[in-house]
Each structure stands twice: as C-alpha cells, then as structure tokens.
Amino acid sequence: MVRLSFATACLVVIATSLCATTLSEGKVASNAVVSGQITQSDDVKQLLSVVLAETEDFWGAVFKADGLKYEEPKLVLFTGVIATACGPASGTSYCERDHRIYLDPAFPELRKIGLIGDFGKALILAREVGHHVQNISEAPRPLATADSKDTATLRSQRVELQADCFAGLWTRYVQEQHLLDDADLTEARDLLRSLGDDQAANASKDPKAKSYGTSEQRVRWYDRGLAGKAIADCNISNNPL
C-alpha cells in the first residue's frame with residue numbers, strides 16, 4: 001500500500017468529502033480580529049477540521065471500549081486574543097470550564113521556532129484534545145493542589161507530558177490508517193524537542209510559568225503513546241518522568 005504524507009492524505013480526505021467541518025466560530029476580545037476575518041487559508045482550516053475529526057474517531061472508540069461516551073470538544077479559531085471562560089487566551093489553549101479548544105491558525109508558537117509543517121499543526125491540536133481527555137476522563141493524573149513551587153512545577157510537567165503521550169496514542173491510530181510517513185514522525189519529535197523547557201528559547205523568568213518537561217522527556221512520553229493503545233499506557237502518576 002502506498003503511504004501518503006499527512007498533508008497529502010488530508011487533502012485526499014478533503015477532496016472526497018469524507019470529513020465534515022466541525023469548527024466553531026467564537027467571540028473575541030475587543031483587541032482581536034473576529035474568527036470570520038481570519039486571514040489564514042481555507043487549507044489550514046480544512047486541515048484542522050480533518051485532524052479534529054480524526055481525534056473524535058479515535059477517542060470515541062477508546063471511550064466506547066470502556067463503555068463510555070466521548071464528549072467531543074469544540075474548536076474555536078481566532079486571531080490575536082480571545083475571551084474564554086478561563087480568561088484571555090492567545091496562541092493555542094484548552095479551557096476545562098467550557099470544554100473548548102482555542103486556536104490561532106497562524107500558529108505563532110510554531111512560527112517562533114520555525115517549524116510550520118502540517119503534522120506539527122496537527123500535533124498541536126491533538127495535544128489540546130489530550131487535555132480535554134484529561135478533563136473528562138478518569139485518567140490518572142496529579143492532584144490539583146500544590147504546596148510548593150517544586151510541587152506545582154512537577155504537576156505541570158506531568159499534565160503536559162501526559163498530553164504528549166495522548167498525542168502519541170492518536171498518532172499511532174493515524175499511522176495505522178497509513179496516513180503518515182517517516183517525515184511526519186520526525187517533524188513531531190523535532191517539534192516536541194524544540195518546545196522542551198531546556199531549550200534556551202523557552203526559558204522564562206516567570207516563576208509561575210508552566211513547565212512542560214525537557215526535550216528528552218517530551219519525546220520519550222510521545223513515543224510511549226506511539227507504542228501504546230490505551231489511556232492506561234499514559235499513566236503519568238506511577239511512572240518516573
């Protein structure tokens with residue numbers, strides 16, 4: 001069977017109308033452009049629609065296998081800054097209060113590090129869906145309370161690394177449909193490596209800033225998901241980071 005790159009496979013899906021658009025319009029803060037005026041190409045929005053549909057198929061099957069119904073998140077596209085139930089947001093984020101993923105299709109976080117490939121964009125969205133899964137499932141994760149800065153940092157790392165692992169689970173699902181090639185997986189690992197806390201470009205002077213894990217940790221937990229098949233394979237609580 002011919003293996004297609006993720007971008008090519010998505011274009012095939014779009015052309016054959018196998019995936020319905022599931023994007024949601026959203027209201028934005030006064031200093032942002034409303035989503036209807038987003039200047040990104042339709043190809044980007046269609047790509048995100050395909051990715052979201054693939055996550056719905058995957059997580060729907062995972063939840064069904066456990067006798068549960070998967071609650072699909074809403075995807076809201078915006079430019080600049082948007083008002084959410086969790087406060088103002090920019091870039092890409094998930095709000096656990098309204099079960100929505102807020103995403104700027106210009107992908108400023110990717111442009112900052114010079115990695116703007118299609119599968120990198122897909123992975124960013126898949127990670128936010130992973131946070132949604134954390135929110136609505138009984139996936140083992142650290143307690144919400146933190147008694148010290150070190151504890152808060154550790155909790156943040158565990159939450160983010162588990163999202164990397166969940167993105168790896170979804171990647172395996174897409175890979176088994178022959179929608180990926182080796183270049184896509186290389187792109188995914190390069191992206192996570194570039195976003196590691198140990199990279200100079202990601203250094204923050206804010207002691208309350210989120211901690212995502214080192215480059216090595218992020219790639220390792222992504223690969224852990226890639227080798228797994230179930231939520232339990234991403235148990236972040238009982239395993240060393």
Side-chain angles (χ1 to χ4, degrees), residues 51-52 55 58-59 62-63 66 68 70-76 84-103 109-110 113 120 122-172 188-189 191-199 202-204 206-228 230-241:
V51 172
L52 187 61
T55 66
F58 171 67
W59 288 112
V62 170
F63 275 57
D66 290 334
L68 303 171
Y70 176 59
E71 176 194 340
E72 299 171 354
K74 297 294 185 182
L75 175 60
V76 181
T84 80
C86 298
S90 61
T92 306
S93 64
Y94 170 72
C95 178
E96 62 182 18
R97 295 178 184 173
D98 62 11
H99 296 191
R100 292 180 175 227
I101 296 168
Y102 296 90
L103 188 150
E109 62 269 68
L110 297 184
I113 58 177
L123 192 67
I124 291 292
L125 177 52
R127 286 194 74 262
E128 298 306 323
V129 173
H131 285 310
H132 176 64
V133 172
Q134 289 173 328
N135 187 32
I136 66 172
S137 73
E138 297 181 355
R141 52 179 173 164
L143 297 176
T145 57
D147 299 325
S148 69
K149 174 180 176 296
D150 289 341
T151 304
T153 297
L154 182 61
R155 177 181 180 275
S156 177
Q157 287 178 346
R158 288 184 181 276
V159 168
E160 297 301 332
L161 291 173
Q162 187 178 56
D164 290 336
C165 188
F166 284 166
L169 285 176
W170 171 78
T171 299
R172 175 178 177 141
R189 295 187 179 101
L191 171 60
L192 293 173
R193 195 174 291 113
S194 298
L195 294 175
D197 292 334
D198 53 330
Q199 299 298 309
N202 303 327
S204 174
D206 181 0
K208 296 182 180 180
K210 275 187 178 181
S211 181
Y212 291 82
T214 66
S215 299
E216 185 276 333
Q217 289 173 322
R218 299 200 65 173
V219 172
R220 176 158 46 85
W221 276 93
Y222 174 72
D223 284 345
R224 185 187 182 101
L226 191 61
I231 287 178
D233 295 319
C234 293
N235 187 335
I236 197 78
S237 297
N238 300 324
N239 289 287
L241 297 185

A side-chain contact here means heavy atoms from C-beta on lying under 4.5 Å apart; do L103 and V76 qualify? no
Which residues pass the side-chain contact (heavy atoms from CB on, under 4.5 Å) test with D66, sequence neighbours left out? L68
Kindly write out the residues that satisfy salt bridge (Lys or Arg N to Asp or Glu O under 4.0 Å) with E160, not counting sequence neighbours, or none if the list is empty. R127, K210
Answer whether the closest heavy-atom distance between the side chains of W221 and I236 falls below 4.5 Å. yes
Polar side-chain atom of R224 near backbone of D233 as donor-acceptor pair, under 3.5 Å: yes
For R220, all residues meeting side-chain contact (heavy atoms from CB on, under 4.5 Å), sequence neighbours excluded: E216, Q217
Quick one: does any side-chain atom of T171 pair with a main-chain N or O of A167 as donor and acceptor, under 3.5 Å? yes
Closest approach of L110 to G120 (non-hydrogen atoms, all atoms of both residues): CD1-C, 4.0 Å
Apply the test side-chain contact (heavy atoms from CB on, under 4.5 Å) to residues F166 and V62: give CA-CA distance (whole Å), side-chain angles for both, the deciding distance (0.1 Å), then the verdict. CA-CA 11 Å; F166 284 166; V62 170; over 6 Å; no
Look up atom OG in S90 and atom CD in E109, then write down how far apart they are to the nearest 0.5 Å. 9.0 Å
With the side chain counted from C-beta on, respond yes when H131 and Q134 share a heavy-atom pair under 4.5 Å apart, and no when they do not. yes
State the OH-CD1 distance between Y70 and I136, to the nearest 0.5 angstrom. 5.5 Å
From CA spacing to verdict: side-chain contact (heavy atoms from CB on, under 4.5 Å), R100, T84: CA-CA 9 Å; R100 292 180 175 227; T84 80; over 6 Å; no
Side-chain heavy atoms of Y102 within contact of K74, under 4.5 Å: no
Consider only side-chain N and O atoms of S211 and D197, and report whether a donor and an acceptor are under 3.5 Å apart. yes
For the residue pair V51 and L123, establish whether any side-chain heavy-atom pair is separated by less than 4.5 Å. no
Value for CZ (R97) from CG (N135), rounded to nearest 0.5 Å, stands at 11.0 Å
Using 0.5 Å steps for rounding, measure from the OG1 atom of T92 to the CG atom of L125. 8.5 Å
Which residues satisfy the side-chain contact (heavy atoms from CB on, under 4.5 Å) test with R193, sequence neighbours excluded? R189, D190, S215, V219
So how far is it from S137 OG to I231 CD1, rounded to the nearest 0.5 Å? 4.5 Å
Report the C-alpha separation of L169 and W59 in whole Å, then their side-chain angles, then the decisive distance to 0.1 Å, and conclude whether the side-chain contact (heavy atoms from CB on, under 4.5 Å) test is met. CA-CA 10 Å; L169 285 176; W59 288 112; 4.0 Å; yes
All side-chain contact (heavy atoms from CB on, under 4.5 Å) counterparts of S194, not counting sequence neighbours: I113, L115
Considering only heavy atoms from C-beta outward, does the side chain of L161 approach that of Y222 to under 4.5 Å? no
Rounded to the nearest 0.5 Å, how far apart are NE2 of H132 and OH of Y94? 5.0 Å
Go through the structure and list residues passing ring pair (Phe, Tyr, Trp, His ring centres under 6.0 Å) with F58, not counting sequence neighbours. Y173
Check whether any side-chain heavy atom of V129 lies under 4.5 Å from a side-chain heavy atom of L75, and answer yes or no. no
